[in-house]
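Have a look at the structure that comes next, please.
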Amino acid sequence: PHFVVEFPLSKLTVCFNINGEPGHILRMVSDHKHSGVTVNGKLIGAPAPAGSHKQQRTYFSTITIVVNRPKRSYIEVTPKKVILDGQDRLVLSCDTTVSVESGGLAVTIVGKSTVTVTIGGTIRFVILVHQYKNPAPYQRNHLGFYISNSKGLSHDCHGLLGQFLYEEVGLAELSGNATATGDHSTSSRSPILKVKGRSVPVVQKTRRIYSGRQSVDCWFARNNAAKLIDGQYEDYVVSHLFDTGDWP
Amino acid sequence: RVPRQVKSMLTKETKPHIQELSVKTTIISRYAFTAVSCTMLNRHSSAAEGVFQFLIPKNAYVSNFTMIIGGRVYPSEVRPKEKKVKQGKGDEAKPKNKEKGEQSEPEVEVFRMGASIPGRNRAMFMLTYEELLQRRLGRYEHVTSLRPLQLVSRLSVDVTIVDHSTITHLEVLPLRNGKSNTAVASGASAAKTPAKPALPISTVIKQNKTFCRITFSPNIVQQAKITTSGMLGEFVVHYDVERELGIGDIQVLNGHFVHYFAPKDLPVVPKNVVFVIDTSASMLGTKIKQTKDALFTILRDLRPGDRFNFVSFSNRIKVWQPNRLVPVTPLNVRDAKKFIYMLQPTGGTDINGGIQTGSSLLSGYLNADPDANHHSVSLIIFLTDGRPTVGELQSPSILSNARTAVKEQFCVFTIGMGNDVDYRLLERMALENCGMMRRIHEDSDASTMLKGFYDEIGTPLLSDIRVNYTEDSVQYVTQHLFTNYFNGSEIVIAGKLTNQSADSLHVQVTASNSDKSIILETDVALRQREVETERHVKEAAAGVGSGDTGVGTTGSVADDFVERVWGFLSVKEGLRSRLKSQTSREREGHTQQATDLSLTYHFLTPLTSLVVEKPQVLADGTMAEDTPTPTPVPTETNKKAASANELSDETEGEEDTAQGLHLKKDQPGGQSSRITKTTGKVVKRPVQKSITISKTSADGD
């Protein structure tokens, strides 16, 4: 999957890829101790497009959200359905528009489009449902995960996305006129992103988000976000969909 | 035109009428997902009790059940079964009776759910279950029970078979217990031979090389011509697929694999067989006659390389040829027939004595010349119609004695006839001694069933089969050591891949056959297999997807079918291990493991229960505002499961007494677009408003 991280304070957007293995479950957001929220995503594989020499593709086939407060709830989202496990179990089709509210938790499905999970009014995740009518061999029905409101997540929040929520970044060693919006094709030296005291070489790229409806210019960190993220991406692979373990 | 009699019958019907009953099955490489959808209409103004009843195969697990009544959705939940405190002595007699009742069950289980349907309203019941079809006698059998207990306006059965291998044989049998046409198709030409349109029941078969779809949709008049009671019978499909010569078919999907191993064209391994036959007084009449008929037929089928003997047991133990096993010669067969002919039922049942005598005959023969028997398969076929009444009466002692006598040198296959058998004893005896157990029901044709069972195990092709996969590449592999492989059967193994980035998986099968040890091995290209497996899952989805109005049978569950096969096999294995466990600690471990897996895959097993919320309907026929708390589904299966819990440790938790129907996850919470309410949650149409989404995201290509 492609990851995009917006740093509003730094007015920068950073992106990276995680080329996990099918079956891997990635920790996206981990704030179990404070807000009680954990988000994991399971990967599914698909072969690379014919004729390309790229790796196989991976997509999110399932996204799970564990909410610990006020009541423990488990939300499992797939391109077909949403399962809510709380006091009782509710299975909702992603093809139907419906909203469920219980305690401080609300789940809203807009048929074949989005699933919005709102927790306590201060945390909101939006999951885009990508369903293909006639998928190519390298395409799979999959999900996109967007953080819509992160106010309720703590400063100790971690995970592939969660660790950047309260961070600031800066660019350094830009050569020539290359900037976040400038022409970098003439540059022979990579710009360096300063994050959490680490230096990460980046290049400029454009990413399509929101089902391709919008483009975003971002600084791309290679090699599964090496140095950008704390540890390595393998450190974010968890054992099961409802794992809530904290970052060590 | 609906005949007047049928119209009259429908008008007089007071219970809610079944408007539609749809049974859709998708079989992807032997793993069958079945979704049943039943819509009932309460024509009357007052509330009425609607009873949804469906028979599911014993080998299947229910995975979901949901009701929609009066626009409200009532999903179910699979929960661990609560342990019950053991009953006092005064109650201990009850389980025995119940146990006796359980043992007379047929090969299906009844799932029953009753619910009040408000006046002039509809109820929809949706049930899903899954099963791994076992290959027996060279074919897979899929059975759909059609006993809705009334004429149904729209009745349809839809069976879709998608396989990785070519479908070599396909046969739709006449309805069991009913009169119907038989449509037989074979190979790709089947598409050109649909069922005759003039026949009263419409069966249509569409087939190509690896896919076939069978639809059976008799209209109400056609149903009435079969029976007006709604007991149409069983819709049975037999099929088989092309088998490879090598290590078999391996399918890979989402980090799991399943391996189907059924090599063909192998020479037959000679067998040493001792038949141990109950001749107690209760066998008198039809039972002994049918047993003798079957044994006469079996004698004809023994092969020249085989060796055999007979033991009969009642109060007295009789051995046909003392202290030896004899070769199959015309003279020996003739003498054996005489012995069988002379068997006269009398006296009690000395199960321990029968097994001990049979075992000592066989082990004596094997120990006399171990080298000569190295490449043969040895087995005892044990038949009884009752409980031990003479000699050793305690089941644990009989089992322990059997283990000691068998010493893992041969396998014990047990057959119980009728209602008065301690099936748990027979099942454990078979499980502990690498055999299988079969039930012959009281009114069944015992001769055919006994011969059928013999046919399943009468042609051993391999022994001591060991299947190995690349070390460190797989984990949680289900049983991969097998004592025997019989012609017409299939060995199925599943597991998880630990190294999903590996290009290939090395598979090695070692086994012995008639005169040599064989090793089959190959490297399986994992990526290629995964693409192929995904393709035929898609074919299955496409095959049933169009016009699918009921509960979907494929969808996301089928997307993970390999993992579910693994889950299914692992649960079965856990339950078997639990039954075999010798200590309570061991038993607890297996129980926990099997329960966890059952919950993970939402299987209703003897260790879990299905809980569903039931609607409250007021006296005026309307729905109550508040819904009650969920209660366990009062199904026959759950009742049996509950009663099994009340049994002592010795009898508790019989694997096949409490099957679980499995409610498919794709549940219709969203099917109702009106405002609905469930416990603690309000489900409503959302107000569509624009939501600001940040760019911070993780998305696909």
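Protein chains get the first letters and strands the later ones, always in sequence-line order, with residue 1 at the start of each. These values consider heavy atoms only, across backbone and side chains, with no hydrogens, waters or symmetry-generated copies.
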Quiz prompt | B/Tyr476, OH: over 12 other non-hydrogen atoms inside 6.0 angstrom | solution = no
Quiz item: Under a 4.5 Å heavy-atom cut-off, does chain B meet the side chain of A/Val4, its backbone, both or neither?
Solution: both
Quiz item: Can you say whether B/Arg535 sits under 4.5 Å from chain A via the side chain, the backbone, both, or neither, judging by heavy atoms?
Solution: neither
Exercise. Would you tell me whether B/Asp699 and A/Tyr146 have side-chain atoms, one donor and one acceptor, within less than 3.5 Å of each other?
Key: yes
Practice problem: Find the distance between CG (B/Asn254) and OG1 (A/Thr62) and round it off to the nearest 0.5 Å. | Solution: 9.0 Å
Quiz item: Which bit of B/Glu534 comes within less than 4.5 Å of chain A, counting heavy atoms only: side chain, backbone, both or neither?
Solution: side chain
Self-check item: Between OG on residue B/Ser697 and CG on residue A/Leu128, distance to nearest 0.5 Å
Solution: 8.5 Å
Quiz item: How far apart are the closest heavy atoms of B/Ala698 and A/Met28, and which atoms are they?
Solution: CB-CE, 3.5 Å
Quiz item: Are B/Lys695 and A/Arg207 side-chain neighbours, meaning at least one heavy-atom pair lies under 4.5 Å?
Solution: no
Exercise. Any chance you could measure A/Phe145, atom CZ, to B/Thr696, atom OG1, to the nearest 0.5 Å?
Key: 10.0 Å
